[in-house]
Amino acid sequence: MTIHGSPTRPASPASRRRWLVVITTLWAVLVTGLALYAAHRGGSTVRTQTSVSQALPTVDRAVAEAVTAAAPAGAVAQVGGYHEVSGRCTVTAVRNGARYERVAHLYVPAGQEGALLDRIRAALPGDYDAQVRDRRLTADAGDFVALKGSVEGAGEVRISADTGCRPLTAPVREASEAADRRPVEAVLATLKVGGAAWQTHRVPCAQGGYVRTVQADGPAGSGPASLVDALRATAPDAVVARPELYAYRSGPVGIVARTRNGAVTVTATTGCGVQ
């Protein structure tokens, strides 16, 4: 015996029209919502509508906000340059892009890392929607730039602002400028290090001025066996003191010395109110 099921009825024209109206309405609501969000945040509705270069001012502003928020806690800051996160990423199926970030390191006494992340979260602008979970900070700086913070080690907090994958329409360069090298030169003299390579990094503050880092990278073999032994006599009140890392304040200047692979890097960072 053969049992024949009921044939499937094709959707009626009226039903198809109803579904078309529903889909069109949902799409309109989505587009309108994205447009309102972009108008509120002052950015594009899609990250790939802007280039890496166009996102860098937002990156700089986010880093400056985080570093400024950490200053009342007495954190010693260190701001780096633009760094390409990945050599290649995909913007569309037929177009490659690039992703850049700027990183700042903050140093506080061991055990205060979580409190520092909480302080930064509370001080960031409300529209960043900053959150801290499991000692990790996440925030939206606008224009699809992600601001993140994490604990790198005892007394170390890493802050990064990331462009995400975008079109790279021009080489990424940081403007060079003359800056006061004397605080770094004093440390290099104590360590008896010469022949350093120099860099300067800065991010603009919302209230004016800059967070500015002057950096000197010593040659191979320039790092002492212990930075604690080398610097404790001249800077006894260190925030972080380990053989490979020594961070302290000298008046308004934050000094960080670090050794990696036998070479020493020394930075001096000033905040928004110091020019």
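What's counted below: heavy atoms across the whole structure, side chains too, no hydrogens, waters or symmetry copies. Residue numbers count from 1 along this sequence. Given the structure is predicted, the values throughout are model-derived calculations rather than measurements.
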Side chain to side chain contact (heavy atoms under 4.5 Å, CB included) between Leu191 and Leu227, intermediate numbers included
CA-CA 9 Å; Leu191 298 176; Leu227 288 168; 4.3 Å; yes
Go through it in stages, so that I can follow the logic: the residues are Val145 and Asp162, the test is side chain to side chain contact (heavy atoms under 4.5 Å, CB included), and I'd like the CA-CA distance, side-chain angles, deciding distance and then a yes or no.
CA-CA 6 Å; Val145 170; Asp162 187 341; 5.8 Å; no
Using side chain to side chain contact (heavy atoms under 4.5 Å, CB included), reason through Tyr82 and Glu174 one step at a time and then give a plain yes or no.
CA-CA 7 Å; Tyr82 300 125; Glu174 191 170 12; 4.3 Å; yes
Assess the residue pair Thr50 and Arg166 against the criterion (side chain to side chain contact (heavy atoms under 4.5 Å, CB included)); give the C-alpha distance rounded to whole Å, side-chain angles, the decisive distance to 0.1 Å, and a yes or no.
CA-CA 7 Å; Thr50 58; Arg166 301 176 192 248; 2.4 Å; yes
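Between Val157 and Tyr107, every side-chain heavy-atom pair lies at or beyond the 4.5 Å cut-off. Contact annotation: the side chain of Val264 approaches that of Val193 to within less than 4.5 Å [non-hydrogen atoms, C-beta and beyond]. Side-chain contact between Arg102 and His201: present, with at least one pair of heavy atoms (C-beta onward) separated by less than 4.5 Å. In this structure the side chain of Arg158 reaches within 4.5 angstrom of the side chain of Val103, judged on heavy atoms. In this structure the side chain of Val211 reaches within 4.5 angstrom of the side chain of Cys272, judged on heavy atoms. Considering only heavy atoms from C-beta on, Pro183 comes within 4.5 Å of Ile255 through its side chain. Pro167 places a side-chain heavy atom less than 4.5 Å from the side chain of Val91. For the pair Tyr128 and Leu147, the minimum side-chain heavy-atom distance is below 4.5 Å.
Contact record, Asp237 with Tyr248: O-CB, 3.9 Å, taken as the closest heavy-atom pair. Closest approach of Arg135 and Val151 over heavy atoms only: NH2-CG1, 3.8 Å. Here the closest non-hydrogen pair linking Glu84 and Ala98 is OE2-CB, 4.0 Å. Minimum heavy-atom separation, Leu106 to Ala77: CD2-CB, 3.7 Å. Taking every heavy atom of both residues into account, Thr269 and Gln78 meet most closely at OG1-CA, 3.6 Å. The two atoms that bring Val240 and Ala154 nearest to each other are CG1-O, 4.4 Å, heavy atoms only.
A donor-acceptor pair under 3.5 Å is absent between the side-chain atoms of Thr200 and the main chain of Ala179, judged by distance alone. No donor-acceptor distance shorter than 3.5 angstrom exists from the side chain of Glu65 to the backbone of Val63, with no hydrogens or angles considered. Side-chain atoms of Arg249 come within 3.5 Å of backbone atoms of Pro252 as a donor-acceptor pair (strictly under, hydrogens ignored).
The CD atom of Glu156 sits 5.0 Å away from the CG atom of Leu245 when rounded to the nearest 0.5 Å. Once rounded to the nearest 0.5 Å, the distance linking OG of Ser160 with NE2 of His105 reads 9.5 Å. Once rounded to the nearest 0.5 Å, the distance linking OG of Ser222 with CG of Leu188 reads 8.5 Å. Distance check, rounded to the nearest 0.5 Å: OG of Ser226 to OH of Tyr246 gives 9.5 Å. Taken from CG in Leu168 to CG in Asn96, the straight-line distance is 10.5 Å, to the nearest 0.5 Å. With rounding to the nearest 0.5 angstrom, the CD atom of Gln131 is 11.0 Å from the CG atom of Leu124.
Ion pairing between Lys148 and Glu101 fails under the 4.0 Å rule for side-chain N and carboxylate O.
At a threshold of 4.5 Å between side-chain heavy atoms, the hydrophobic network of Ile, Leu, Val, Met, Phe, Trp and Tyr places Phe144 and Val172 in two separate groups. No single ILVMFWY cluster, assembled from side-chain heavy atoms under 4.5 Å apart, contains both Val59 and Leu137. A continuous path of Ile, Leu, Val, Met, Phe, Trp and Tyr side chains, each step under 4.5 Å between heavy atoms, connects Val187 with Val253, placing both in one hydrophobic cluster. In the hydrophobic clustering of this structure, Val76 does not group with Tyr210; members are Ile, Leu, Val, Met, Phe, Trp, Tyr whose side-chain heavy atoms approach within less than 4.5 Å, directly or through other members. Both Ile159 and Val67 are members of a single hydrophobic cluster when ILVMFWY side chains are connected at heavy-atom separations under 4.5 Å.
Sorted pairs that involve residues 116-125 and meet side-chain hydrogen bond (donor to acceptor under 3.5 Å, both in side chains), not counting sequence neighbours, are lacking altogether. Among residue pairs with one or both ends in residues 176-186, those qualifying as salt bridge (Lys or Arg N to Asp or Glu O under 4.0 Å) are Glu177-Arg202, Glu177-Arg212, Asp180-Arg182; sequence neighbours excluded.
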